[in-house]
*Asks:* 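Below is a structure I'd like to ask you about.
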Amino acid sequence: YYGDMEGQYPSSLGALTVGGKYLSGLPMAKSPNYHGDTSLELDAVSESEAVSPGRWLYNNTAGNANFGTMGVNCSHTDTKGTNWSSY
């Protein structure tokens with residue numbers, strides 16, 4: 001998407017599913033052992049910096065240093081004490 005749109009991230013995740021070119025649908029958020037799988041209907045996806053635990057986060061805040069990034073909001077740690085969702 002980023003390359004096709006000449007360096008622009010989508011303003012919403014719904015743009016990634018239009019016509020099935022990039023995604024046929026949004027996958028479930030999985031945070032094993034900590035939260036239940038979270039269904040990603042488009043109206044349930046948080047697209048702000050404040051998101052409930054165990055849910056996807058897509059940062060679409062223009063001007064934010066993390067604009068265009070996506071992750072799972074979970075602060076639980078693995079057996080080594082590292083946030084499991086950081087990469």
Side-chain angles (χ1 to χ4, degrees):
Y1 183 97
Y2 184 82
D4 286 345
M5 298 298 151
E6 299 181 9
Q8 297 296 312
Y9 291 108
S11 60
S12 101
L13 292 176
L16 299 176
T17 63
V18 174
K21 181 175 181 179
Y22 305 103
L23 294 170
S24 59
L26 296 174
M28 293 185 71
K30 295 180 177 280
S31 45
N33 303 322
Y34 306 115
H35 306 281
D37 294 353
T38 304
S39 175
L40 286 179
E41 299 300 323
L42 287 177
D43 61 350
V45 176
S46 177
E47 295 181 351
S48 67
E49 293 183 64
V51 62
S52 300
R55 289 206 169 281
W56 284 112
L57 164 68
Y58 173 65
N59 188 324
N60 69 345
T61 306
N64 184 289
N66 293 317
F67 177 73
T69 60
M70 188 168 177
V72 176
N73 182 29
C74 181
S75 59
H76 289 98
T77 57
D78 62 18
T79 57
K80 295 180 181 177
T82 302
N83 183 314
W84 77 268
S85 62
S86 64
Y87 52 93

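Side chains are part of it too, since the values below use all heavy atoms of this structure and drop only hydrogens, waters and symmetry mates.
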*Asks:* Who passes side-chain contact (heavy atoms from CB on, under 4.5 Å) against Thr77, sequence neighbours left out?
*Replies:* none

*Asks:* State which residues pass side-chain contact (heavy atoms from CB on, under 4.5 Å) with Phe67; sequence neighbours excluded, sorted by chain then number.
*Replies:* Tyr9, Asn60

*Asks:* Answer yes if Val18 and Met5 sit in the same cluster of Ile, Leu, Val, Met, Phe, Trp and Tyr residues linked by side chain heavy atoms under 4.5 Å apart, and no otherwise.
*Replies:* no

*Asks:* Restricting to pairs with a member in residues 61-82, which pass salt bridge (charged side-chain N to carboxylate O under 4.0 Å, His left out), not counting sequence neighbours?
*Replies:* none

*Asks:* How far does CG of Leu23 sit from CG of Leu13, to the nearest 0.5 angstrom?
*Replies:* 9.0 Å

*Asks:* Check Pro10 against Leu16 and note the closest heavy-atom contact, atom names and distance.
*Replies:* CG-CD2, 4.0 Å

